[in-house]
Amino acid sequence: MENAGTYLDHMRARAPLVQNITNYVAMNVMANVMLAAGCSPAMAHDEGEAAEFAGLADALSVNIGTLDPAWLRSMEAAAGVMNAAGKPWVLDPVAVGATALRRDAGARLLALKPSIIRGNASEIIALAGAEAAGKGADSADAVSDAEGAARALARQIGGVVAVTGAVDFVTDGDTAWRVHGGHALMPRITVMGCSLTGIVAAFAVGQAALPATVAALAYYAVAGAIAGEKAAGPASFQVAFIDALHALTPEDVTARARIEAA
Amino acid sequence: MENAGTYLDHMRARAPLVQNITNYVAMNVMANVMLAAGCSPAMAHDEGEAAEFAGLADALSVNIGTLDPAWLRSMEAAAGVMNAAGKPWVLDPVAVGATALRRDAGARLLALKPSIIRGNASEIIALAGAEAAGKGADSADAVSDAEGAARALARQIGGVVAVTGAVDFVTDGDTAWRVHGGHALMPRITVMGCSLTGIVAAFAVGQAALPATVAALAYYAVAGAIAGEKAAGPASFQVAFIDALHALTPEDVTARARIEAA
Amino acid sequence: MENAGTYLDHMRARAPLVQNITNYVAMNVMANVMLAAGCSPAMAHDEGEAAEFAGLADALSVNIGTLDPAWLRSMEAAAGVMNAAGKPWVLDPVAVGATALRRDAGARLLALKPSIIRGNASEIIALAGAEAAGKGADSADAVSDAEGAARALARQIGGVVAVTGAVDFVTDGDTAWRVHGGHALMPRITVMGCSLTGIVAAFAVGQAALPATVAALAYYAVAGAIAGEKAAGPASFQVAFIDALHALTPEDVTARARIEAA
């Protein structure tokens, strides 16, 4: 894939409204990441408005990080609206293997066939129904161990699955790509993955899901590599990372993206 | 208005306790903005304590950004306490035009006659009952298009309405002011407006609402201009902005404030 | 205590999974502080999973900052699991004296005998049943005024109480320590105390509660002193502080810790 930057350009020109029904830890940083990238994030979760809001949104992300049953019902309602309208929605199955509540939520959301799923290796393995080694929200499995699970899940939903880690793996169940880059500090900062899920949703508006997801991950990885050059630790990394998301041009992304067929 | 800085001085000397029933996205940054400025923010939202807490607070801010019905009931109860005690409270009608839940919440809170309303142009237009063009929490209308709505709302509540944007507009329905300054990066950072609402509440303690609101906006705009000189992007802007709120003296604010009669 | 750094070393080697049932304001920064220090934080609060999640966690922190009754029930259930398993849990009684809801929550959680309690002076005094002068979440009492309350509470729970402020005081009801350091900007940044509570929980895994708590506070104070040398205000302080938590070695902590018997 030689044109990752054109997806950034398309996203910024459209500046899509992305509804995020996400966890309490992620909300602020996710909104800032999405604003820096160039889209319009909105958080609206109540059962009394989640579906109505989804009707206004161009894309949806749902994230089970700090789940409760009422929020899950809103996620299902909003996802249903996106499906009916043919608009993309992305599932982030945080720590899906950890508890019965999360396993049940994962199964229910999977049944609604998200356009795209983005998770770490342990989450993708657990969502596919296999035995995973996650510790809370952190992965204890390697991305390479999740490739089979990712392909199986992608076929099951008829969509795209992205496993993110040191090297990302993205597949529609048939074709697959690897995205290199990023920085070793990224796992030492919370909600980097959650925020990326929102970026993936924004990139998917009006685009084919597979290249849009690959391009979103490449953009994120380039920003991570740039931030890593300036950071003195995880907090200054986060500042430099968000600044880089804002400063990066489509041409920068195309030039620096490290994408290979898997 | 030649003495904006004296309102900052008054606020810091009083260091008011401001209760904020606000959205999940805003809470952390809003608290940091308010602490940097020199007041004591507190977040307490449960129906079992919201009104009791309001009895302890010097001012209240309510924000419907991530609303649900229980939080709305707490907002109403706390606002009632402030009204009965003659203490100021400020309404931030985030994305009020977007859904029925928000329109209903806006109408119910408006009926309680907030001392001050602060919103973007689309929110003020929607709250006044006209057709607005907001996209989620972002304004799609110009401040100048909301001046009539602001004046009408101010008369309706017998209070003050602030429309914030590239140039802010503040009115009590009769007198009006414009506040210049700030920086183009401010809309690229989430909850800058929400946090300002808390600052407005703190400035209003023991002061007339109109000049206190104008002074709070001028202080914020000066800090924004200073931060803009140092920022490499939205995240470093936010760091520099909060540092500037803390470092600014009343004399700085008076000297750098750009306020004109409208 | 001459070996504070060895507790940091032990914590990082173990990298414990710490469940935090905490307030909305704290969640993001607390997670980043804990990741920077070297443990794995996880936020899971729903009644449908809080106790189950506690079964997976190495330690638990509970914080009543933005309390509601459902969250309190989850805190009690998770604390019960930790007690039954002999795993440490830490109580952070935010603004416990402010309202009936908080006083009741404080009494109920105290009855479950937390391993460690960390609060500011006003909170510790209020939790011990005396008249405190707190203003919202901010202390209006001096640490020295809370020493008697801390000793009494420590005996009551058969555990450790830490009163944090300009100079921290830590006791098991018999032995007591003072920890010096930190920086004057720390009270101007929200959730510094909440985040420290999570660090204390991580340090307590597999260690005696008293020296682990003292070491955690010393580590935090050293990072604060380092950050203070670089900060231009509260927001740049927070960035430098989290970077310092990440960069500090056990040897640095031992060399720079300022701990004295009380």
Side-chain angles (χ1 to χ4, degrees), chain A residues 14-58 66 68 70-71 74 195 198 223 226-227 230 235-248, chain B residues 22-33 43 63-72 94-105 122 133-140 184-195 230-243:
Chain A
R14 175 76 174 259
L17 175 61
V18 182
Q19 179 181 6
N20 306 290
I21 308 181
T22 188
N23 69 72
Y24 301 120
V25 187
M27 286 191 188
N28 183 273
V29 172
M30 188 172 179
N32 276 327
V33 161
M34 295 174 75
L35 284 166
C39 61
S40 272
M43 280 62 181
H45 70 279
D46 185 64
E47 288 186 80
E49 71 168 356
E52 183 182 357
F53 207 104
L56 307 171
D58 299 305
T66 55
D68 75 31
W71 285 61
S74 293
S195 301
I226 292 171
K230 302 180 184 173
S236 54
F237 180 93
Q238 182 169 289
V239 171
F241 177 72
I242 293 175
D243 282 357
L245 289 175
H246 186 260
L248 274 170
Chain B
T22 188
N23 68 72
Y24 300 120
V25 188
M27 287 193 188
N28 183 274
V29 172
M30 188 172 180
N32 276 328
V33 161
M43 280 62 180
N63 175 307
I64 65 168
T66 55
L67 190 67
D68 73 32
W71 285 61
L72 178 57
V94 177
V96 69
T99 63
L101 180 76
R102 287 165 196 264
R103 286 187 293 273
D104 174 61
S122 294
K135 183 170 72 170
D138 298 323
S139 185
L185 278 172
M186 292 173 92
R188 291 287 106 199
I189 303 152
T190 195
V191 304
M192 288 296 283
C194 306
S195 301
K230 302 179 184 174
S236 54
F237 180 93
Q238 181 168 288
V239 171
F241 176 72
I242 292 176
D243 281 357

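The figures that follow rest on heavy atoms only: side chains count, while hydrogens, waters and symmetry mates do not. Proteins get letters first, then strands, A, B, ... in listed order; numbering begins at 1 in each. Here the structure is a predicted model, which is why all the values come from computation and not from measurement.
At least one donor-acceptor pair under 3.5 Å links the side chain of B:Arg188 to the backbone N or O of A:Leu35.
Residues of residues 48-58 of chain A lying within less than 4.5 angstrom of chain B, judged on heavy atoms, are A:Gly48, A:Glu49, A:Glu52, A:Phe53, A:Leu56 in numerical order.
Residue pairs meeting the side chain to side chain donor-acceptor pair (under 3.5 Å) criterion with at least one partner in residues 25-37 of chain A, sequence neighbours excluded, are A:Asn28-A:Asn32. Legend: side chain to side chain donor-acceptor pair (under 3.5 Å) pairs involving residues 33-46 of chain A, not counting sequence neighbours, sorted by first then second residue: A:Ser40-B:Asp138.
A:His246 places a side-chain heavy atom less than 4.5 Å from the side chain of B:Leu185.
Heavy atoms of A:Ala247 lying under 4.5 Å from chain B are absent altogether.
Rounding to the nearest 0.5 angstrom, the gap separating the CD1 atom in A:Ile242 from the CD1 atom in B:Ile189 is 9.5 Å.
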Just list the side-chain donor-acceptor pairs under 3.5 Å for residues 231-238 of chain B, sequence neighbours left out, or say none.
| residue | atom | partner | partner atom | Å |
| --- | --- | --- | --- | --- |
| B:Ser236 | OG | A:Asp243 | OD2 | 2.6 |
| B:Ser236 | OG | B:Ala232 | N | 2.8 |
| B:Ser236 | OG | B:Gly233 | N | 3.3 |
| B:Ser236 | OG | B:Gly233 | O | 3.3 |

